[in-house]
Amino acid sequence: MACLEADGIVEEGRRGALPPGDGPLPPSPRLQRGRGAVSNPTGRYEPAQREAMDDGWGEPDELPPLRTDVLVDKARTVITRNASPDIPFDRSINPYRGCEHGCVYCFARPTHAYVGLSPGLDFESRLFAKPDAAILLEKELSRPGYTPRTLAIGTNTDPYQPIERQYQLMRGILEVLGRMGHPVSIVTKSALVTRDIDLLAPMASQGLACVAISVTTLDGKLARTMEPRAAAPHRRLAAIRQLGEAGIPVSVMVAPIIPAINDSEIETILEKAHEAGAREAGYVLLRLPLEVRDLVTEWLVTHYPDKARHVLSLIRSMRGGKDYDARWNERMTGTGPYAALIARRFELAMQRIGYLKRHPRLRTDLFRGAPKAAEQLSLF
C-alpha cells in the first residue's frame, strides 16, 4: 500500500481518456461477463504495448466467462508496513494479490503491473494466494522485541473475496491473532466475514477486533456493474446486522463516492447501515491513480456514456483540475466546493442519525508474543 500512496499524478492524454470538448466518444469494448474491467491493458512496465483491433470479421458484444486462475505467492513475510500520515495504521496484511470482486474503481489494480500482469482483467482473474500466511504471521509476531499495534486487513485487496472459501487464509490468520491476543481491524465488502464470527466475537469481547463493511450503493444493478463479484448490497447490510448482534464493533464505509454515480445515496446508505447495527462510518472519494484512471473511463463510456464527461469533470473539480491528486490528507477527500459539499453532507447525516464521533482504540496490552527462554512451552 505504501508504494501506491507515493504514486504521482496521471498525465493527460493517455489511452482511454475522453476526448476534449464535444468530440465523439470512443467505441465501447466488448464486455466480459461477471467482470468489472472492460479491457486488459498491458502493464506499464512491459517492453511492448498491445491493443485489440477489429479485423472486420465481427465479434460478439459479450465474451464467454473468464476463468479465475490462482497462483501461489511464496512470500517470506506477510506484514507490510507504511508511514502514510493520513491513515490510522502502520501495518497491514494482504493474504491475496489481486481481487476477484472485480471492483472497477479499485486503487490496488496498478500493483498487478509489478508482476508483469494487467491491472485490468488480469487483476480480477489471475490471482495470487499466500498459503503460508498464518505460519509466517506467527513467526513475525513471535520475534523478540515485536511491538503490537493494530493490524489492518482488507486495506488493499479484500481478504474475504470468493477464493477465501477454498483457501481459508483469513481464518488461519485470525486463529493466530486470537491465540496471541493481537488486535485486528478488517475492511471487506463480503458477507463471508460472518463465517468467522466464532473467532471474531471472542476477540471483540476483549477489545481486539472490529470490522468495517464497505457499502458503495444500495442499487443492485449498479453494484453488479461496478463490483460484479462482491456481495449484493442487501447481503452486506445483513452482515452488518449479524456482526453487531454478535457483539463485534462494526462500521460502514461509503467508499468510494463517485460523483453523479452514487453520491446521491450517501444519506440512505448511512441510515440503512445504522438500522442494521453500524455505529461508526467513514467515506473515501474516488481515487484514480495510474491505470485506474483509464479503466474507470472505459467503464463510464461503456455503461454510462451520457454521464461520462460530467463524472470526470466533477472528479477534476475535486482534484485541482487533475484526474488524481496524491497529496497526503487530500487524496481521500479531495478539495474544492463539490468535495466540501460531500464532506458536509456526510457530517450532517452522521450527526442526525447518531453515529459515534470517536473511534475506540483496540487493546494491545493483551498481546502474548514469543515465550521467554525460561518459560516452558505448552503442549496444547
Practice item. Could you walk me through whether Tyr283 and Ile266 pass side chain to side chain contact (heavy atoms under 4.5 Å, CB included), step by step? Key: CA-CA 9 Å; Tyr283 79 93; Ile266 292 174; over 6 Å; no
**Study point:** Leu300 with Leu222, same ILVMFWY side-chain cluster at under 4.5 Å
**Key:**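 Yes, it is one cluster - the side chains of Leu300 and Leu222 are joined through contacts under 4.5 Å.
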Exercise for review: Would you kindly confirm whether Val211 and Leu362 end up in one hydrophobic cluster when ILVMFWY residues are joined by side chain heavy atoms under 4.5 Å apart?
Suggested key: no
Distance, nearest 0.5 Å, that separates [atom1] of [X] from [atom2] of [Y]:
{"X": "Leu208", "Y": "Asp365", "atom1": "CG", "atom2": "CG", "result": "8.5 Å"}
{"X": "Leu127", "Y": "Arg97", "atom1": "CG", "atom2": "CZ", "result": "11.5 Å"}
{"X": "Ile257", "Y": "Ile342", "atom1": "CD1", "atom2": "CD1", "result": "5.5 Å"}
{"X": "Leu288", "Y": "Leu295", "atom1": "CG", "atom2": "CG", "result": "10.0 Å"}
{"X": "Arg179", "Y": "Arg368", "atom1": "CZ", "atom2": "CZ", "result": "9.5 Å"}
{"X": "Ile153", "Y": "Leu169", "atom1": "CD1", "atom2": "CG", "result": "11.0 Å"}

So, [X] side chain and [Y] main chain: donor-acceptor pair closer than 3.5 Å or not?
{"X": "Asp158", "Y": "Lys189", "answer": "yes"}
{"X": "Arg363", "Y": "Pro183", "answer": "no"}
{"X": "Thr188", "Y": "Ile213", "answer": "no"}
{"X": "Ser313", "Y": "Arg309", "answer": "no"}
{"X": "Asn262", "Y": "Thr216", "answer": "yes"}

Practice item. Any chance you could lay out the side chain to side chain contact (heavy atoms under 4.5 Å, CB included) test for Arg279 and His274, step after step, and finish with the verdict? Key: CA-CA 6 Å; Arg279 291 298 175 261; His274 192 271; 3.5 Å; yes
Review point. Of Lys130, Gln161, Glu164, which is the lone residue that meets side chain to side chain donor-acceptor pair (under 3.5 Å) with Tyr96?
Key: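 Running side chain to side chain donor-acceptor pair (under 3.5 Å) over Lys130, Gln161, Glu164 with Tyr96 returns exactly one hit, Glu164.
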Point to revise | Residue of the set Arg126, Glu124, Arg35 for which side chain to side chain donor-acceptor pair (under 3.5 Å) holds with Thr68 | key: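 The side chain to side chain donor-acceptor pair (under 3.5 Å) with Thr68 is passed solely by Arg35 among Arg126, Glu124, Arg35.
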Exercise for review: Return each pair, listed once, that meets salt bridge (charged side-chain N to carboxylate O under 4.0 Å, His left out) where at least one residue sits in residues 255-270; pairs must be two or more places apart or across chains.
Suggested key: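 Qualifying pairs, neighbours excluded: Glu267-Arg345.
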Check your understanding: Does any pair with a residue in residues 221-235 pass salt bridge (charged side-chain N to carboxylate O under 4.0 Å, His left out), and if so which ones, sequence neighbours excluded?
Key ->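 Qualifying pairs: Glu100-Arg229, Glu227-Arg236.
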Review point. Does the pair Phe123 and Cys106 meet the rule for a side chain to side chain contact (heavy atoms under 4.5 Å, CB included), with working shown?
Key: CA-CA 10 Å; Phe123 177 80; Cys106 182; 3.9 Å; yes
Review point. Parallel, tilted or perpendicular: which describes the rings of Tyr304 and Trp299, with under 30° parallel and over 60° perpendicular?
Key: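 Tyr304 and Trp299: tilted rings.
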Point to revise | Audit row: Leu137, Leu151, side chain to side chain contact (heavy atoms under 4.5 Å, CB included) steps and yes/no | key: CA-CA 11 Å; Leu137 174 62; Leu151 268 170; 4.1 Å; yes
Point to revise | Pair Arg44 + Glu291: basic N to acidic O under 4.0 Å | key: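 Yes, charged N to carboxylate O under 4.0 Å.
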Review point. Counting only heavy atoms not in Arg361, do more than 12 sit closer than 6.0 Å to its CZ atom?
Key: no
Review point. Hey, are Asn40 and Ser118 close enough side-chain-wise for a donor-acceptor pair under 3.5 Å?
Key: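 Indeed, the side chains of Ser118 and Asn40 share at least one donor-acceptor pair under 3.5 Å.
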Exercise for review: Using the test side-chain contact (heavy atoms from CB on, under 4.5 Å), find all partners of Arg344 that sit at least two apart in sequence or belong to another chain.
Suggested key: Glu347, Leu348
